Structure formats: structure tokens, C-alpha cells
Amino acid sequence: KLYENEKRRDTKRHNYKSEAKLRNKVLKEKIGNDEHATFRYFNEAFLSRREIDSDEWLDELWNKVKGYYQVFNEWYQDYRLYHYIGYLTTINGENFNISSLVEEWNNRTKSDFVQYIKSEIVKSLEPKETKETKSWIKELPDYKFDESGSVSKTETVGILLLHNIETIIQQNEKLVAESKYNLPNFSKFPFHLYKREKWQVEHIRPNAGDDFNKKDSDKLYLSLAQPYVNKQIETKIKKYLDPAKNESENFNDILAEIWENGGALPEEDKNKIFNFVLLDESTNKEYGNQIFPVKRAFIVNKEKGLKVRYSYEKGELVERESTREIAFVPPCTKNVFSKFYTTAPSTMVNWNTEDAEAYWKDMCDKLKFYFDKLEVKKDDKQ
């Protein structure tokens with residue numbers, strides 16, 4: 001009998017949760033997610049109470065709204081909280097519970113809350129163990145990944161985004177520490193643009209195995225690469241692009257020489273984190289298999305708010321009219337393509353081992369707090 005009673009209670013709880021989920025789903029569909037969603041939300045709330053003496057309820061609701069606003073405003077004004085909370089909401093998406101975070105804020109000191117937030121960030125960096133992907137935490141503190149040093153791109157989203165966030169935070173802290181500037185904040189990461197443009201993890205030194213099955217894609221590739229290669233390779237490219245001499249050159253042979261030109265990162269290192277960067281979806285789809293300086297040119301144009309489209313038509317490289325683009329490039333992406341992390345770059349033609357190691361060193365320096373915490377977690381699991 002006790003078992004049956006408990007079973008009935010469980011069924012009621014399940015039904016209640018299911019009904020609540022259904023109500024929330026219907027409410028979300030009714031409210032939508034456009035700029036008027038807030039109005040429709042409160043309109044629904046008011047309509048549901050219109051036959052009840054609701055003055056007290058309205059006062060309570062308004063005080064709650066003001067309370068949330070005050071909390072959000074303080075988070076926005078504090079550059080550390082703005083970036084840490086912005087990171088968590090971006091990484092966790094709709095699964096992020098903002099109400100519970102406000103509750104933590106109300107029950108903690110500010111310094112304690114910052115530590116709590118950073119501990120939540122550490123949790124977000126923990127990779128999921130799968131048959132295909134081995135945890136890179138196991139190899140800390142050497143900062144390697146699996147036996148080959150490789151890691152799934154999807155597992156590095158949090159690290160790469162956090163690298164951008166900590167770069168901005170630590171730059172702000174240094175500037176604030178300089179009394180001559182005497183300002184509380186200098187820059188903020190535009191999370192809304194990051195989400196709108198769908199920035200993803202992509203290779204810096206592209207996969208040499210990318211195919212060129214589309215018509216004239218091989219010729220487009222070589223035309224764009226031509227200004228950045230040495231004279232010997234340039235001569236071969238010209239022959240390949242010349243219909244009369246085309247058969248004298250092999251595309252794959254030229255491609256292999258381009259990769260070697262300037263000492264590109266070895267093939268075996270292409271899937272390591274120091275060869276990953278955040279690129280917006282549209283840029284990567286169009287130029288993902290291009291060599292470093294070509295990608296760099298498109299990043300530079302994007303920073304200027306422009307997008308240039310190229311095609312190979314009737315034996316010529318055609319440049320389409322530039323169109324306006326949202327001028328946003330994450331700081332670390334910009335740093336990578338300007339070779340900011342390399343003290344004295346030996347070449348601008350390719351992304352090489354020297355560049356990759358300098359990039360990874362900066363990542364380790366900026367994210368030391370989080371990597372140290374992950375190392376402790378790794379030791380706990382052993």
C-alpha cells in the first residue's frame with residue numbers, strides 16, 4: 001500500500017512537471033522572442049489576474065522587476081561580472097538559469113560571488129567523455145590532449161571564447177591599474193554580435209585534404225594564393241591557369257608546395273588547439289580552405305566592415321562589389337591573423353609551429369586559473 005501511494009505521488013509529480021513544461025511551451029510560443037516579447041509576457045500576466053483585486057500583486061511584481069533591473073545593471077557596469085556572466089549565458093544558452101544566479105548574488109558577498117561564477121566557468125570547460133573523443137584534462141599540466149595531441153573542435157569552444165574574454169578582462173585590469181588613465185572600463189565583448197554572426201571553431205592552417213570538386217574551385221584557390229607564394233610556385237600557378245599549358249602542371253603537386261612554402265604547421269598538428277580559432281560561419285564557408293594570408297585579408301576586410309566575394313570566371317579572378325558587414329572580430333582571432341602572439345614572425349605566408357606555440361602559451365597564461373582547477377579535478381579522478 002505504501003508503495004502504491006508513493007507510486008501515485010510520483011505519477012502526480014510527473015504529470016505536474018509535464019503540464020508545467022507544456023504550459024511554458026505554449027506560453028513561449030504565444031509570447032515569442034522578438035522585441036515585443038516582454039510586453040506580451042506582462043500582458044498575459046495582467047490578463048490572467050484581471051478579475052482579482054491585484055494592487056498588492058502588481059506592487060510585488062513591480063518590485064521584483066526593479067530588483068532584477070538593479071542586479072543586471074550592476075552586473076553590466078562591472079567589467080568582470082559582465083564578461084563572466086556573458087560567457088556563461090553564451091556557452092549554456094537556453095539551459096542557463098538566470099534566476100538561480102540572481103539568488104546566488106543575493107546570498108553572497110561580491111567577492112564570493114565572483115569566485116562562484118569562476119567555479120561555474122570551470123565546470124563549463126569540462127569535456128564530455130565519449131568513445132570518439134578523449135578528455136584533454138587527463139594530460140594536464142602538459143596541456144596536451146589525447147595520445148596524438150588532438151582534440152575535437154567542439155570541445156574547445158569554451159576555451160577559445162574564454163581566452164577572448166580573459167584577454168579583455170586582463171587588459172582592462174592593467175589599464176585600470178595605470179593611474180594616468182583613471183577610467184573604470186575600456187572595452188566590452190559584444191556577445192550579441194558573437195551570437196548573431198554564429199562564430200565557430202575552425203582551423204587556422206586549413207585541412208590540406210579539403211576537396212576542390214566545385215567547378216573552377218582549384219583555379220580560384222590558386223588565383224587567391226598566387227600573390228603570397230614564391231616565384232617558383234607562382235610560375236607553376238600561371239602555367240596551371242593558362243589553358244594552353246594547363247596539362248604541364250598538377251594541381252595537387254602545386255598545393256603540396258604551397259603548404260611547404262613558409263614552413264606551414266605540420267599535418268599531424270592540424271587538429272590541436274593551437275590551430276583553432278573562432279571564425280564567423282559565413283567567412284569560414286567561403287574561405288575555410290584558403291591559406292593563411294588569404295584568410296587574413298578577409299579578416300582585415302571584416303574588421304573594416306566589408307565583405308569581398310571572389311569567383312573564377314572565363315579564365316579570370318573576378319572581385320564582386322563589396323557589401324557592408326557587421327564589423328566585429330573577436331580580439332584573439334584578430335591577434336592570430338596579425339601574428340600578435342609571435343615576437344618576431346619568420347613569415348606571414350603560413351601559420352607555423354612557432355606561431356602556434358606562442359598562441360598556446362598566451363592561452364595557458366591567460367587561462368591559468370581555470371587550467372589549474374581542471375588539473376585538480378583530473379587528479380581527483382585518478
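Both backbone and side-chain heavy atoms feed into the values below; hydrogens, waters and symmetry mates do not. Bear in mind that the values here come from a model prediction, so they are computed numbers and not experimental data.
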**Student:** I'd like to check Leu241 versus Ser223 (side-chain heavy atoms, cut-off strictly below 4.5 Å). Are they in contact?
**Tutor:**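 In short, these two side chains touch, coming nearer than 4.5 Å.
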**Student:** Distance only, no hydrogens: is a donor on one side chain within 3.5 Å (strictly under) of an acceptor on the other, for Tyr240 and Asn250?
**Tutor:**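 Absent: no donor and acceptor within the cut-off.
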**Student:** Write down the atom of Tyr359, the atom of Leu160, and the distance for their closest heavy-atom approach.
**Tutor:**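 Smallest interatomic distance, heavy atoms only, reads OH-CD2, 3.5 Å.
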**Student:** Can you list the residues that meet the ring-ring contact (aromatic ring centres under 6.0 Å, His included) rule with Phe72, with sequence neighbours excluded?
**Tutor:**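 Only Tyr68, Trp75 meet the ring-ring contact (aromatic ring centres under 6.0 Å, His included) criterion with Phe72.
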**Student:** Calculate, to the nearest 0.5 Å, the distance between atoms NZ and NZ belonging to Lys295 and Lys302 respectively.
**Tutor:**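 So the NZ of Lys295 and the NZ of Lys302 are separated by 14.5 Å.
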**Student:** Show every ring pair (Phe, Tyr, Trp, His ring centres under 6.0 Å) that has at least one partner inside residues 317-336, sequence neighbours left out.
**Tutor:** Phe189-Phe328, Trp199-Phe328
**Student:** Does the side chain of Val71 come within less than 4.5 Å of Tyr69's, by heavy atoms?
**Tutor:**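 The answer is no; the side chains never approach within 4.5 Å.
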**Student:** Mind checking side chain to side chain donor-acceptor pair (under 3.5 Å) for Glu166 and listing every partner two or more places apart, or none if nothing turns up?
**Tutor:** Tyr84, Gln170, Tyr370
**Student:** Examine the side chains of Tyr87 and Ser124 and answer whether a donor and an acceptor come within less than 3.5 Å of each other.
**Tutor:** yes
**Student:** Please answer whether the main-chain N or O of Tyr341 pairs with a side-chain N or O of Asp362 as donor and acceptor at a distance below 3.5 Å.
**Tutor:** no
**Student:** Please examine the side chains of Tyr310 and Arg320, heavy atoms only from C-beta on, and report whether any two atoms are closer than 4.5 Å.
**Tutor:**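 They are not in contact (no side-chain heavy atoms under 4.5 Å apart), so the answer is no.
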**Student:** Could you tell me if the side chain of Glu303 sits less than 4.5 Å from the side chain of Lys334, heavy atoms only?
**Tutor:**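 Touching, per the 4.5 Å side-chain cut-off.
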**Student:** How many angstroms lie between CD1 in Ile291 and CZ in Arg296, if you round to the nearest 0.5 Å?
**Tutor:**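 Rounded to the nearest 0.5 Å, the CD1-CZ separation comes to 12.5 Å.
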**Student:** If you count every heavy atom of other residues, nucleotides or ligands that lies below 6.0 Å from Lys198 atom NZ, does the total exceed 12?
**Tutor:**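 Result for NZ/Lys198: open.
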**Student:** So Arg309 and Glu319, do their side chains get closer than 4.5 Å, heavy atoms only?
**Tutor:** no
**Student:** Check Arg205 against Leu265 and note the closest heavy-atom contact, atom names and distance.
**Tutor:** NE-O, 2.9 Å
**Student:** Would you indicate whether the side-chain heavy atoms of Gln232 and Lys236 approach each other to under 4.5 Å?
**Tutor:**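 A side-chain contact under 4.5 Å exists here.
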**Student:** Grab the two heavy atoms, one from Phe292 and one from Val336, that are nearest each other, plus how far apart they are.
**Tutor:**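 Minimum heavy-atom contact is CZ-O, 3.6 Å.
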**Student:** Is the backbone of Ala344 close enough, under 3.5 Å, to the side chain of Thr342 for a donor and an acceptor to pair up by distance?
**Tutor:**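 Not at all, since once roles are kept as given, no pair shorter than 3.5 Å links the two residues.
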**Student:** Please tell me if the side chains of Asp280 and Val329 come closer than 4.5 Å, counting only heavy atoms from C-beta onward.
**Tutor:**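 Sidechains of Val329 and Asp280: no contact.
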**Student:** Decide, yes or no, whether a salt bridge links Lys272 with Asp269 under the criterion of side-chain N to carboxylate O below 4.0 Å.
**Tutor:** yes
**Student:** Look at atom OH of Tyr194 and say whether more than 12 heavy atoms of other residues, nucleotides or ligands are closer to it than 6.0 Å.
**Tutor:** yes
**Student:** Might you point out which heavy atoms bring Asp78 and Leu81 nearest each other, and give the distance in Å?
**Tutor:**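 What the structure gives for the nearest pair is OD1-N, 3.0 Å.
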**Student:** Look at atom NZ of Lys361 and say whether more than 12 heavy atoms of other residues, nucleotides or ligands are closer to it than 6.0 Å.
**Tutor:**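 No - once you tally the heavy atoms of other residues, nucleotides and ligands closer than 6.0 Å, there are 12 at most.
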**Student:** Might you point out which heavy atoms bring Gly158 and Ile91 nearest each other, and give the distance in Å?
**Tutor:**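 Heavy atoms of Gly158 and Ile91 come nearest at CA-CD1, 3.9 Å.
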**Student:** Determine whether more than 12 heavy atoms belonging to other residues, nucleotides or ligands lie under 6.0 Å from atom CD of Glu104.
**Tutor:** yes
**Student:** With side-chain contact (heavy atoms from CB on, under 4.5 Å) as the test, would you mind laying out the steps for Leu101 and Phe96 before giving the verdict?
**Tutor:** CA-CA 9 Å; Leu101 193 63; Phe96 189 71; 3.5 Å; yes
**Student:** What pair of heavy atoms forms the shortest contact from Leu224 to Val294, and how long is it?
**Tutor:**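 Closest approach of Leu224 to Val294, heavy atoms only: O-CG2, 3.5 Å.
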**Student:** Looking only at atom types and distance, does a side-chain atom of Asp355 sit under 3.5 Å from a main-chain N or O of Trp351, one as donor and one as acceptor?
**Tutor:**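 Checking the backbone N and O of Trp351 against the side chain of Asp355, no donor-acceptor pair under 3.5 Å is found.
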**Student:** Just jot down the side chain to side chain donor-acceptor pair (under 3.5 Å) partners of Asp34, sequence neighbours excluded, or say none.
**Tutor:**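 Asp34 satisfies side chain to side chain donor-acceptor pair (under 3.5 Å) with Arg40 once adjacent residues are dropped.
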**Student:** In chain order, what residues pass the side chain to side chain donor-acceptor pair (under 3.5 Å) check against Glu60, with sequence neighbours excluded?
**Tutor:** none
**Student:** Between CH2 of Trp360 and CG of Asp365, what distance do you get to the nearest 0.5 Å?
**Tutor:** 10.5 Å
**Student:** Side-chain contact test, heavy atoms from C-beta onward, threshold under 4.5 Å: evaluate it for Pro345 versus Glu354 and give yes or no.
**Tutor:**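 Side-chain contact under 4.5 Å: no.
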**Student:** What residues, two or more places apart in sequence or in another chain, satisfy ring-ring contact (aromatic ring centres under 6.0 Å, His included) together with Tyr82?
**Tutor:**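 Tyr82 satisfies ring-ring contact (aromatic ring centres under 6.0 Å, His included) with Tyr76, Phe191 only.
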**Student:** With rounding to the nearest 0.5 Å, note down the distance linking CG in Leu255 to CG in Asp218.
**Tutor:** 10.0 Å
**Student:** Which value, rounded to the nearest 0.5 Å, describes the distance between Glu268 atom CD and Asn271 atom CG?
**Tutor:**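 That separation rounds to 11.0 Å.
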